[in-house]
Amino acid sequence: MTAKIAYDDVEVGTELPAQSFPVTRATLVQYAGASGDFNPIHWNEKFAVEVGLPDVIAHGMFTMAEAVRVVTDWAGDPAAVVEYGVRFTKPVVVPNDGNGALIEVSAKVAAKLDDQQVRVDITAMSAGQKVLGMSRAVVRLA
């Protein structure tokens, strides 16, 4: 598989389709099982509050993975992402209220690079706060 987006069809400033990703306590339990990360801050409200958090929080790697979905969906091939990095700035707080939280992700092409590659800057927000900083992916396009 290769990227479905042509390098020549993309300009700096091109916005990728934004997406929102719901997160519930059930989502966190499923992710914990898949990842093996059973840290109680991700499922035990009492423990999370005792260590100074406002409530249970989503796994950082889960948040990171959800954010890059905007890029992989746009490119049409997850393998087109050749580099990806973030800084964790704020936690995604997931209340036990039946609704959970929402991660809202937008992205745009920030630079055209050599070898059919572009740098995409990603913005991930939850509850009005930026939850990832310096979130960038390098993508090899067709």
Side-chain angles (χ1 to χ4, degrees), residues 1-5 7 9-142:
M1 241 168 102
T2 60
K4 295 179 181 172
I5 304 293
Y7 179 83
D9 293 340
V10 174
E11 299 298 329
V12 170
T14 298
E15 293 187 15
L16 284 60
Q19 294 186 52
S20 296
F21 303 99
V23 186
T24 64
R25 295 281 178 95
T27 308
L28 299 182
V29 170
Q30 291 168 338
Y31 182 82
S35 69
D37 182 353
F38 293 100
N39 187 323
I41 64 173
H42 303 303
W43 57 270
N44 185 318
E45 185 175 335
K46 181 179 180 292
F47 183 86
V49 170
E50 285 176 356
V51 298
L53 296 168
D55 205 332
V56 165
I57 63 170
H59 302 74
M61 296 303 285
F62 172 82
T63 303
M64 186 178 175
E66 290 292 81
V68 80
R69 286 176 57 189
V70 167
V71 178
T72 59
D73 288 354
W74 171 73
D77 179 9
V81 176
V82 297
E83 185 178 314
Y84 178 46
V86 306
R87 289 189 183 163
F88 300 105
T89 56
K90 298 278 184 188
V92 174
V93 178
V94 183
N96 192 20
D97 61 2
N99 296 319
L102 193 63
I103 302 170
E104 299 172 287
V105 184
S106 60
K108 69 179 178 178
V109 175
K112 290 186 85 168
L113 310 171
D114 294 332
D115 196 25
Q116 303 291 101
Q117 297 181 78
V118 295
R119 189 187 88 219
V120 177
D121 289 353
I122 304 163
T123 301
M125 306 282 292
S126 184
Q129 295 190 345
K130 194 172 183 180
V131 295
L132 298 176
M134 300 296 291
S135 185
R136 297 179 173 165
V138 174
V139 184
R140 181 169 288 114
L141 300 178

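Position 1 is the first residue of the sequence, and the numbers go up from there. Fair warning: this is a prediction, and the values are worked out from it, not measured in the lab.
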### Query
Between CZ of Arg87 and CE of Met64, what distance do you get to the nearest 0.5 Å?
12.5 Å
### Query
So do Ile122 and Val71 actually touch side chain to side chain, heavy atoms under 4.5 Å?
yes
### Task
With rounding to the nearest 0.5 Å, note down the distance linking NZ in Lys90 to CD in Gln129.
5.0 Å
### Query
How far apart are the closest heavy atoms of Ala3 and Ala80, and which atoms are they?
CB-CB, 3.9 Å
### Query
Counting only N and O atoms by type, is there a donor-acceptor contact under 3.5 Å from the side chain of Ser106 to the main-chain atoms of Ala18?
no
### Query
Is a side-chain donor or acceptor of Thr14 paired with a backbone partner of Val10 at a separation under 3.5 angstrom?
no
### Val51 vs Leu53, side-chain contact (heavy atoms from CB on, under 4.5 Å): CA-CA, chis, key distance, verdict
CA-CA 6 Å; Val51 298; Leu53 296 168; 4.2 Å; yes
### Query
Taking atom types as modelled and ignoring hydrogens, do the side chains of Gln19 and Asp73 form a donor-acceptor contact shorter than 3.5 angstrom?
yes
### Message
Tell me whether Tyr31 contacts the main-chain N or O of Ala58 through its side chain, where contact means a donor paired with an acceptor under 3.5 Å.
### Response
no
### Query
For the residue pair His42 and His59, does the interplanar ring angle fall in the parallel (under 30°), tilted (30 to 60°) or perpendicular (over 60°) class?
parallel
### pair Val118-Leu113: side-chain heavy atoms closer than 4.5 Å
no
### Task
Please tell me if the side chains of Ser35 and Phe62 come closer than 4.5 Å, counting only heavy atoms from C-beta onward.
no
### Query
Considering only heavy atoms from C-beta outward, does the side chain of Ile103 approach that of Val105 to under 4.5 Å?
yes
### Task
Please round to the nearest 0.5 Å and tell me the distance separating atom CD1 of Ile57 and atom CD1 of Ile41.
4.0 Å
### Query
With side chains defined as the heavy atoms from C-beta onward, is the minimum distance between Leu132 and Thr63 less than 4.5 Å?
yes
### Query
Is the shortest heavy-atom distance from the side chain of Trp43 to the side chain of Leu28 under 4.5 Å?
no
### Query
At their closest point, which heavy atom of Gly60 faces which heavy atom of Phe88, and how far apart are they?
O-CE2, 3.1 Å
### Query
Which heavy atom in Ala110 sits nearest to a heavy atom in Asp121, and how many Å separate them?
CB-OD2, 3.3 Å
#### Entry: Test: Asp115 and Arg140 ion pair at under 4.0 Å
yes
### Task
Could you tell me whether the side chain of Ser126 and the main chain of Leu102 form a donor-acceptor pair under 3.5 Å?
yes
### Task
Go through Asp55 and Arg25 one step at a time and tell me if the salt bridge (Lys or Arg N to Asp or Glu O under 4.0 Å) criterion holds.
CA-CA 11 Å; Asp55 205 332; Arg25 295 281 178 95; 2.7 Å; yes
### Query
Side chain of Asp37, backbone of Asn39: donor and acceptor closer than 3.5 Å?
yes
### Query
Side chain of Lys112, backbone of Tyr7: donor and acceptor closer than 3.5 Å?
yes
### Task
Could you tell me whether the side chain of Thr72 and the main chain of Asp77 form a donor-acceptor pair under 3.5 Å?
no
### Message
Quick one: does any side-chain atom of Gln117 pair with a main-chain N or O of Val139 as donor and acceptor, under 3.5 Å?
### Response
no
#### Entry: 4.5 Å side-chain heavy-atom contact, Val56 and Val93
no
### Message
Quick check for you: to the nearest 0.5 Å, what is the distance between Arg119 atom CZ and Arg136 atom CZ?
### Response
4.0 Å
### Query
Does a side-chain heavy-atom distance below 4.5 Å link Lys4 with Trp74?
no
